[in-house]
2 protein chains.
Amino acid sequence: MSKPHYQQISDSIEAQIRSGALIANSKLPSERQLSEAFATTRVTLREALSRLEGKGLIYRANRRGWYITQGRINYDPTQRLPFNEVISGQGRQPYTRVLAQQLAPTKPDIHQALGLAPLSPIHRVRRLRSVDGHPVLLEENHMNPAYFPGLEKQDLGQSLTRLFEQQYQVRIATMELNMYPVALDPERAQALGMASGGAALFISRLSRDQGGRVIELDWEYWRHDALNIQLAV
Amino acid sequence: MSKPHYQQISDSIEAQIRSGALIANSKLPSERQLSEAFATTRVTLREALSRLEGKGLIYRANRRGWYITQGRINYDPTQRLPFNEVISGQGRQPYTRVLAQQLAPTKPDIHQALGLAPLSPIHRVRRLRSVDGHPVLLEENHMNPAYFPGLEKQDLGQSLTRLFEQQYQVRIATMELNMYPVALDPERAQALGMASGGAALFISRLSRDQGGRVIELDWEYWRHDALNIQLAV
DNA sequence: TAGTGGTCTAGACCACTGA
DNA sequence: CAGTGGTCTAGACCACTAA
């Protein structure tokens with residue numbers, strides 16, 4: 001009836017984190033050091049770390065060790081506020097890196113969602129977004145190219161919503177949102193610097209203009225410990 | 001560079017599920033049988049199962065084995081539609097069990113959220129809600145008793161929103177929602193029939209009436225594989 | 001290059017579930 | 001009561017990261 005060993009270990013580490021002895025974004029000692037310190041094997045130690053990961057207290061940077069989590073970002077996906085404003089409004093430091101952008105056909109379900117013919121070209125932008133220097137969000141935008149000629153020449157590090165409005169006079173009127181927890185595929189996990197199979201929160205946003213025409217399909221993969229979806233209605 | 005062994009195993013099981021060879025809510029063979037079938041140890045086999053659990057394809061019923069997941073429920077938390085209607089509207093079978101109800105003081109943060117003095121009594125209802133006979137949601141409602149005299153004598157298996165409106169003429173006007181992934185504490189995990197530390201999606205909803213007075217604080221814990229948050233704005 | 005995390009083996013004991 | 005899942009040991013090899 002006593003607590004399992006991994007529970008005692010994770011409780012101990014959790015106490016250290018909450019006491020402030022271990023600060024945000026700092027690295028935990030190596031698994032071998034920790035398993036020795038707690039007089040156990042790496043298997044049990046990793047069980048304890050996995051529990052803390054599930055609770056959102058630590059996260060795993062692929063092959064680089066375990067780190068203390070930062071606090072969650074409050075985010076209202078029904079507002080289309082620029083990422084930079086959301087993050088800096090909470091006293092944190094935003095950063096965006098454009099990983100890829102292209103105008104080419106893609107997967108059938110995206111063509112269907114955008115209401116475009118199969119194999120027709122689609123604007124795609126993939127960006128990695130960080131808070132305080134640590135990646136928390138992988139964003140994949142799919143846009144109907146009919147509305148955005150020359151998009152590839154624009155600065156894509158800024159807010160796309162703002163770009164739509166100011167450069168293309170396209171204003172988003174309605175959205176359909178779907179949000180659920182997922183495990184990251186190896187490719188996306190790597191882009192986020194996470195281990196394959198890592199937990200994320202997936203947000204899909206289909207945006208239309210006043211005429212009900214589909215403008216954009218946005219896919220967001222947030223690190224599961226980094227996000228608090230917050231909305232008022 | 002070859003795939004890890006657990007990946008081959010989980011791919012194989014995933015293919016069987018998607019092909020329909022394993023149907024929803026049926027139980028997988030025992031871990032020992034599976035590990036023998038795949039010529040590996042239980043440790044590796046459990047790694048494969050954990051990956052599938054993270055993907056939402058299977059779930060673990062505490063000490064009773066692994067089961068195939070049903071499809072996700074589409075749910076809009078900004079509408080306050082009765083659970084029964086949401087579920088049956090998607091061709092599924094809803095069921096609600098009242099686990100507990102009491103009028104007593106509780107934790108300080110709940111008193112604070114409801115704007116009530118510490119140690120003042122609060123109406124609490126805890127309900128377990130199932131789809132097609134399987135628990136997916138643990139709901140904890142905290143209500144300001146000033147608005148709901150005699151609530152404990154009502155039928156709490158029905159929609160509380162409906163009860164508020166029809167029996168108490170209380171209508172919810174605005175809500176503040178917060179949603180994020182959590183790991184379940186042992187007590188709540190057990191209530192949901194899950195293993196301790198199981199992944200869930202937490203939804204907190206603070207409801208006010210037209211006068212801006214706080215009526216209710218609702219906490220929902222959804223099995224992470226059972227839910228798709230869906231909203232249109 | 002030394003050390004790390006990722007993966008894996010071949011067992012074991014215990015508490016609990018279901019027949 | 002037989003079998004199950006939950007926990008744990010004491011190792012091992014490999015690919016990769018960081019110095």
Side-chain angles (χ1 to χ4, degrees), chain A residues 1-13 25-54 58-68 134-135 183-186 189-199, chain B residues 1-13 26-54 58-68 134-135 183-186 189-190 192-199:
Chain A
M1 196 53 220
S2 71
K3 279 186 193 173
H5 200 175
Y6 71 78
Q7 179 81 60
Q8 300 173 32
I9 297 170
S10 62
D11 285 352
S12 168
I13 297 176
N25 288 323
S26 65
K27 188 179 180 301
L28 288 178
S30 78
E31 294 182 359
R32 283 172 178 83
Q33 284 177 48
L34 285 172
S35 60
E36 195 171 344
F38 287 106
T40 184
T41 57
R42 272 182 70 211
V43 174
T44 300
L45 189 268
R46 279 171 69 89
E47 179 68 28
L49 295 178
S50 292
R51 301 295 178 127
L52 292 174
E53 184 185 31
I58 64 177
Y59 66 95
R60 181 198 315 232
N62 197 20
R63 285 200 162 277
R64 293 189 296 106
W66 298 83
Y67 292 80
I68 315 292
H134 298 264
L184 289 172
D185 56 286
Q190 179 167 32
L192 268 167
M194 295 173 67
S196 147
Chain B
M1 197 53 221
S2 71
K3 281 186 192 175
H5 199 175
Y6 72 76
Q7 180 81 60
Q8 300 172 32
I9 297 171
S10 62
D11 286 352
S12 167
I13 297 177
S26 64
K27 187 179 181 301
L28 288 178
S30 78
E31 293 182 0
R32 284 171 178 82
Q33 285 177 47
L34 285 172
S35 60
E36 195 172 344
F38 286 105
T40 185
T41 56
R42 272 182 70 208
V43 174
T44 300
L45 188 269
R46 278 169 71 89
E47 179 68 27
L49 295 178
S50 292
R51 301 295 177 127
L52 291 174
E53 183 185 30
I58 64 178
Y59 66 95
R60 184 198 313 233
N62 197 19
R63 287 201 161 275
R64 294 191 294 108
W66 298 83
Y67 291 80
I68 314 293
H134 298 265
L184 289 172
D185 56 285
Q190 178 167 31
L192 268 167
M194 294 173 68
S196 149

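Residue numbering restarts at 1 for every chain, and letters A, B, ... go by the order of the sequence lines. On a predicted model such as this, the values are computed, not experimentally measured, just so you know.
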*Asks:* For residues A:R60 and A:S50, report the shortest heavy-atom separation together with the two atoms involved.
*Replies:* NH2-OG, 4.3 Å
*Asks:* Between D:dT4 atom C1' and B:L49 atom CG, what is the distance in whole Å?
*Replies:* 14 Å
*Asks:* Roughly, in whole Å, what's the span from CG in B:L34 to P in D:dG5?
*Replies:* 8 Å
*Asks:* Would you tabulate the nitrogen or oxygen pairs shorter than 3.5 Å linking the protein to nucleotides 17-19 of chain D?
*Replies:*
none

*Asks:* Just compare C:dG6, C:dT7, C:dT4 and give me whichever is closest to any side-chain atom of A:A195.
*Replies:* C:dG6
*Asks:* Considering just the side-chain nitrogens and oxygens of A:R51, establish if one lies under 4.0 Å of OP1 or OP2 belonging to D:dG6.
*Replies:* no
*Asks:* Check this for me: A:Q8, atom CD, are more than 12 non-hydrogen atoms of other residues, nucleotides or ligands nearer than 6.0 Å?
*Replies:* yes
*Asks:* From NZ of B:K27 over to P of C:dT17, roughly how many Å is that when rounded to an integer?
*Replies:* 14 Å
*Asks:* Using whole Å, report how far CG of A:L28 lies from P of C:dG3.
*Replies:* 20 Å
*Asks:* One thing to verify: whether A:R32 and A:E36 come together as a salt bridge, which I'm taking to mean a side-chain N less than 4.0 angstrom from a carboxylate O.
*Replies:* no
*Asks:* State, yes or no, whether a side-chain contact exists between B:I9 and B:L34 at a heavy-atom distance under 4.5 Å.
*Replies:* no
*Asks:* Nearest nucleotide by nearest heavy atom, which residue falls closer to the 5' end of DNA chain D, A:P4 or B:G65?
*Replies:* B:G65
*Asks:* Could you state the CZ-P distance from A:R46 to C:dC8, rounded to the nearest angstrom?
*Replies:* 11 Å
*Asks:* Indicate whether OP1 or OP2 belonging to D:dG3 is found under 4.0 Å from a side-chain N or O atom of B:S30.
*Replies:* no
*Asks:* Hey, are A:Y59 and A:H134 close enough side-chain-wise for a donor-acceptor pair under 3.5 Å?
*Replies:* yes
*Asks:* Would you mind reading off the distance between A:Q190 atom CD and D:dC16 atom C1', rounded to a whole angstrom?
*Replies:* 12 Å
*Asks:* Side chains of A:F38 and A:I13, heavy atoms from C-beta outward: is any pair under 4.5 Å?
*Replies:* yes
*Asks:* Got a list of protein N/O to nucleotides 9-12 of chain C N/O distances below 3.5 Å?
*Replies:*
residue	atom	partner	partner atom	Å
C:dT9	OP2	B:T40	OG1	2.6
C:dT9	OP2	B:T41	OG1	3.3
C:dT9	OP2	B:T44	OG1	3.0

*Asks:* How far apart are the closest heavy atoms of B:L184 and B:M194, and which atoms are they?
*Replies:* CD1-SD, 3.6 Å
*Asks:* Does A:Y67 reach the side chain of A:N25, with side-chain heavy atoms less than 4.5 Å apart?
*Replies:* no
*Asks:* Whole-Å distance between D:dG5 P and B:R60 CZ?
*Replies:* 11 Å
*Asks:* Categorize A:Q7 for me: base, sugar-phosphate, or nothing, with a 4.0 angstrom heavy-atom threshold over every strand shown.
*Replies:* nothing
*Asks:* Calculate the interatomic distance between B:Y6 atom OH and D:dC14 atom C1'; express it in whole Å.
*Replies:* 14 Å
*Asks:* Which one of B:L49, B:T41, B:V43 satisfies the side-chain contact (heavy atoms from CB on, under 4.5 Å) criterion with B:E31?
*Replies:* B:L49
